[in-house]
Amino acid sequence: MRDHSVSAETVVDAYLDALSRGDFNRLRQCLADVGFRFRSPVVELEGADEFVATMWGISAILDRVQKRRRFVDGSEICDILRFRTHFDEPRDTDVVQLSRVQAGRIVAIEVFYDATGQRQLFTLGE
């Protein structure tokens, strides 16, 4: 994904497809080598490699990513997604993902979702 002429939508589509398929080499190619940032209700990460390692760990419970709706504003892509995960039973989580693309690579991803269940898991271990 180093082609600067590739549209922001194409880059984000490639990222989401790679995430859905568990193709972490392809996923990493969609992310900026320098300055990548990720933010969610439970974690903030800096650096594409750290993000990919975290997503690889999560992939064990990720069954699919369903694209529901998209809004585009130049280099910013806002997707409404449904993540199907499983711990002991399947669960759907609606997620809003805001991605920013520069020079043919994603430089920032911010996700918004109800993280109540995840926060409860973290407090159980304390």
Side-chain angles (χ1 to χ4, degrees):
M1 292 269 82
R2 294 176 192 252
D3 183 354
H4 299 292
S5 66
V6 173
S7 76
E9 284 188 84
T10 300
V11 174
V12 174
D13 282 340
Y15 162 81
L16 290 172
D17 182 57
L19 178 62
S20 293
R21 291 184 293 116
D23 183 347
F24 292 97
N25 289 326
R26 178 72 173 139
L27 185 143
R28 176 60 182 89
Q29 292 171 2
C30 297
L31 308 177
D33 292 329
V34 177
F36 175 82
R37 299 188 73 186
F38 174 81
R39 182 175 171 195
S40 81
V42 295
V43 68
E44 290 187 35
L45 303 169
E46 294 201 25
D49 294 331
E50 181 180 5
F51 173 73
V52 171
T54 299
M55 294 309 292
W56 183 84
I58 292 170
S59 71
I61 63 163
L62 182 62
D63 291 330
R64 76 170 178 259
V65 178
Q66 176 189 0
K67 299 174 193 175
R68 297 183 54 212
R69 186 93 160 101
R70 173 171 280 175
F71 303 93
V72 179
D73 185 9
S75 64
E76 293 187 328
I77 309 295
C78 180
D79 285 298
I80 300 173
L81 308 165
R82 180 164 289 150
F83 282 63
R84 168 62 60 99
T85 57
H86 66 273
F87 290 102
D88 49 355
E89 61 185 53
R91 178 179 179 174
D92 290 330
T93 302
D94 292 321
V95 174
V96 175
Q97 175 177 290
L98 179 61
S99 305
R100 190 169 51 254
V101 177
Q102 290 177 350
R105 307 286 283 279
I106 299 171
V107 295
I109 297 174
E110 187 169 5
V111 295
F112 306 87
Y113 61 93
D114 179 2
T116 303
Q118 289 177 326
R119 287 190 184 114
Q120 289 173 347
L121 285 174
F122 291 123
T123 59
L124 290 176
E126 295 177 354

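Sequential numbering from 1 along the given sequence is applied to the chain's residues.
Between Tyr113 and Pro41, some side-chain heavy-atom pair lies under the 4.5 Å cut-off. Between Tyr15 and Gln97, some side-chain heavy-atom pair lies under the 4.5 Å cut-off. Counting heavy atoms from C-beta on, the side chains of Val52 and Thr54 never come closer than 4.5 Å. Within the 4.5 Å cutoff, no side-chain heavy atoms of Leu98 are placed close to those of Ile77.
Taking CG of Asp17 as the start and CG of Leu27 as the end, the distance is 10.0 Å to the nearest 0.5 Å. Within the model, atoms OG of Ser20 and CG of Leu62 stand 7.0 Å from one another, a figure rounded to the nearest 0.5 Å. In this structure, SG in Cys30 is found 9.0 Å from CG in Leu16, a value given to the nearest 0.5 Å. One finds the SG atom of Cys78 at 6.5 Å from the CZ atom of Phe71 (value rounded to the nearest 0.5 Å). Here CZ of Arg39 is found 12.5 Å from CG of Leu45. Values are rounded to the nearest 0.5 Å. One finds the CD atom of Glu44 at 11.0 Å from the CD atom of Glu50 (value rounded to the nearest 0.5 Å).
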Verdict with supporting geometry, Val96 and Val111, side chain to side chain contact (heavy atoms under 4.5 Å, CB included)
CA-CA 6 Å; Val96 175; Val111 295; over 6 Å; no
Assess the residue pair Ser59 and Phe24 against the criterion (side chain to side chain contact (heavy atoms under 4.5 Å, CB included)); give the C-alpha distance rounded to whole Å, side-chain angles, the decisive distance to 0.1 Å, and a yes or no.
CA-CA 10 Å; Ser59 71; Phe24 292 97; 3.4 Å; yes
Yes or no on side chain to side chain contact (heavy atoms under 4.5 Å, CB included) for Asp63 and Thr85, after CA distance, side-chain angles and deciding distance?
CA-CA 5 Å; Asp63 291 330; Thr85 57; 5.9 Å; no
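Using a 4.0 Å cut-off between charged side-chain N and carboxylate O, Asp79 and Arg69 make no salt bridge. Salt-bridge check for Asp13 with Arg70: passed, with a basic side-chain N closer than 4.0 Å to an acidic carboxylate O. Asp33 has a carboxylate O that lies under 4.0 Å from a charged side-chain N of Arg28, or vice versa, which qualifies the two as a salt bridge.
A donor-acceptor contact shorter than 3.5 Å is absent between the side chain of Asp73 and the backbone of Glu76.
Not counting sequence neighbours, the partners of Phe51 by the ring-ring contact (aromatic ring centres under 6.0 Å, His included) test are Phe36, Phe38. For Arg100, there are no side chain to side chain donor-acceptor pair (under 3.5 Å) partners at least two apart in sequence or on another chain. For Asp94, the salt bridge (charged side-chain N to carboxylate O under 4.0 Å, His left out) partners at least two apart in sequence or on another chain are Arg68, Arg82.
Pairing each heavy atom of Arg105 with each of Leu31, the nearest pair is NH2-O, 2.8 Å.
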